[in-house]
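The block underneath contains the structure these notes are about, expressed in structure tokens.
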2 protein chains.
Amino acid sequence: MEDSSYNLFNRIPKDKRERLLHASIEEFAEHGFHQASINRLVNRLGIAKGSIFRYFGSKERLFAFVFDYAIELVKARLRGIRDITKEMPFFQRLKSILWVGINFVEQHPSIYRLYLKMIFQENFPLRDELLRKVHLMSAEYLTSLVRDSISKGEIRNDLDVDFVVFFLNSMLDRFLQAYTVAFWDAGTGIYKAPQEELLRKVDHFVSVIEKGLAIHE
Amino acid sequence: MEDSSYNLFNRIPKDKRERLLHASIEEFAEHGFHQASINRLVNRLGIAKGSIFRYFGSKERLFAFVFDYAIELVKARLRGIRDITKEMPFFQRLKSILWVGINFVEQHPSIYRLYLKMIFQENFPLRDELLRKVHLMSAEYLTSLVRDSISKGEIRNDLDVDFVVFFLNSMLDRFLQAYTVAFWDAGTGIYKAPQEELLRKVDHFVSVIEKGLAIHE
DNA sequence: CTTTAGAATGACCACGTGGTCACCAACGGA
DNA sequence: TCCGTTGGTGACCACGTGGTCATTCTAAAG
């Protein structure tokens, strides 16, 4: 399936491979695809430019490789939390997922930044294909949660599943954005907040998702 | 305050000025700042490259000019709807605002795309300054609405204003994104939906904001 | 110690970029 | 008709890019 350049990259020493992988994510996360510079990358790494092209063939294929790697990380994490929270009530489960998300972007900030860049920079190469991967993953994930909860009678059934998934997806994503991107915080104090504070915000947040903004009677 | 190049641009024939303005928005909206090409722009327009630099001095100043123009358009529209909806109940008012947003991105799709690019492409020139302008505008706007509604007892008062504003901002923005960017639609059918269908979606959407996802008892 | 296969290298290439500036065209006043 | 001023022009420049490939290095085999 994969060609020889892929194999070549997989055969180089492990620490070099990881340094290269990490630095590439950084470069793409910081500058997007087109503004990312192979020259800058190899200078930072102390590796010859030719090597990059021997390993990956082109800037585009390097990017695809890096992105696939990132997706795998996310998938693994999501699978984990899904299994662990299987028995929780829905809104409790939501909180856990949000926490996992926060931990992930904390641990891999540049991967999340890469994802954000990807979405809004329309002329990425392979954009549609890669986005489809991401979207399928998160939609499938949330869809199964939501179906479960509707059948258990935990949430409204006058909305179609897709709509609820869209809503949740939006909210979770936006919360993470507020946590990572100072601009989106908008005075809420979510941005890089300390644990306990963040916990309270998550509670507030999910409570609004659960009960809405209107006053209960 | 402004230098002579600005005045020069304002003195050229009106139709040329508008063609140039429009084409510039297109170019930046499609490619972001760095990937936008002055060569491509002038070729499309049939204007000499030198003229652009006589009018604006640099690519950066051209961009700033274009962006300011876009902001003015948005502001005007927002002012309008605020006054018109002054006496409506809060969640009714939200719907109107959403409608106005939809109409705006319908009428000026490239301005909205420019805004999205701007947000996630971190190395835009003047990014922080321009984002602050945008953010101030929308936050001030929503903040005053929310304060009103809290004092009228229309929405929960156990959340701080900033948090509610953040929530609303996120939701409105995301709805517009789903309407403009196919990817964000995610199976909800919001993307470029026809009027009647959209009306129903807006109702659903605001109803969730109002009452939440949980079942009422 | 010599041979040799294959990985690493970086000078080099063609290209597209933002920006410049010497020149040109047009036009109003004399 | 001539001149002077002013806006318009596009060939040109230095630069940084993604990508190439002849050469050098390395290390295992004979």
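Naming convention: chains lettered A, B, ... in sequence-line order (proteins, then strands); numbering from 1 in each chain.
Between C:dT17 and B:N39, a contact under 4.0 Å exists linking OP1 or OP2 to a side-chain N or O. B:S51 has no side-chain polar atom (N or O) that falls below the 4.0 Å cut-off from OP1 or OP2 of D:dG8. For the OP1/OP2 pair of D:dT9 and a distance below 4.0 Å, the side-chain nitrogens and oxygens of B:R54 include no atom meeting the criterion. Side-chain nitrogen and oxygen atoms of B:Y55 include none within less than 4.0 Å of the OP1 or OP2 phosphate oxygen of D:dG7.
Atom P of nucleotide D:dG8 and atom CD1 of B:I47 are separated by 9 Å, given to the nearest angstrom. Rounded to a whole Å, the CZ atom of A:F63 is 14 Å from the P atom of D:dG18. If you measure from atom CG of B:L45 to atom C1' of D:dG8, you get 14 Å, rounded to the nearest angstrom. Atom CG of B:L62 is separated from atom P of C:dG18 by 11 Å (rounded to the nearest Å). At whole-Å resolution of the value, NE2 in A:H31 and P in D:dT17 are 10 Å apart. Atoms NE2 (A:H34) and C1' (C:dT17) sit 14 Å apart, rounded to a whole Å. Here the C1' atom of nucleotide C:dA11 and the CG atom of A:N43 are 14 Å apart, to the nearest Å. The nearest whole Å value for the distance from the CZ atom in B:R17 to the C1' atom in D:dG7 is 16 Å.
With no hydrogens or angles considered, a side-chain donor-acceptor pair links A:R82 and A:S144 at under 3.5 Å. For B:D173 and B:Q177, the side-chain atoms include at least one donor-acceptor pair closer than 3.5 Å.
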Quick one, A:R44 with A:E26, criterion salt bridge (charged side-chain N to carboxylate O under 4.0 Å, His left out). Give me CA distance, side-chain angles, the key distance, then yes/no. CA-CA 11 Å; A:R44 230 183 277 182; A:E26 274 296 327; 5.2 Å; no
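Side-chain atoms of B:F53 lie closest to C:dT20 of the nucleotides C:dA7, C:dT20, D:dG8. When the nucleotides D:dG8, D:dG19, C:dG18 are ranked by their closest atom to the side chain of B:I38, C:dG18 comes out on top. Between D:dG7, D:dT9, D:dG18, one nucleotide has an atom nearer to the side chain of A:S37 than all others, and that is D:dG18.
In this structure, B:F33 and A:K49 both approach DNA chain C, and ranking their closest nucleotides by distance from the 5' end singles out A:K49.
Other residues, nucleotides and ligands contribute at most 12 non-hydrogen atoms within 6.0 Å of the NZ atom of B:K75.
Side-chain to base pairing of A:K59 with D:dG19: no donor and acceptor N or O lie closer than 3.5 Å to each other.
Comment: A:E30 does not engage A:K117 in a salt bridge, judged by the lack of any side-chain N to carboxylate O separation of less than 4.0 angstrom.
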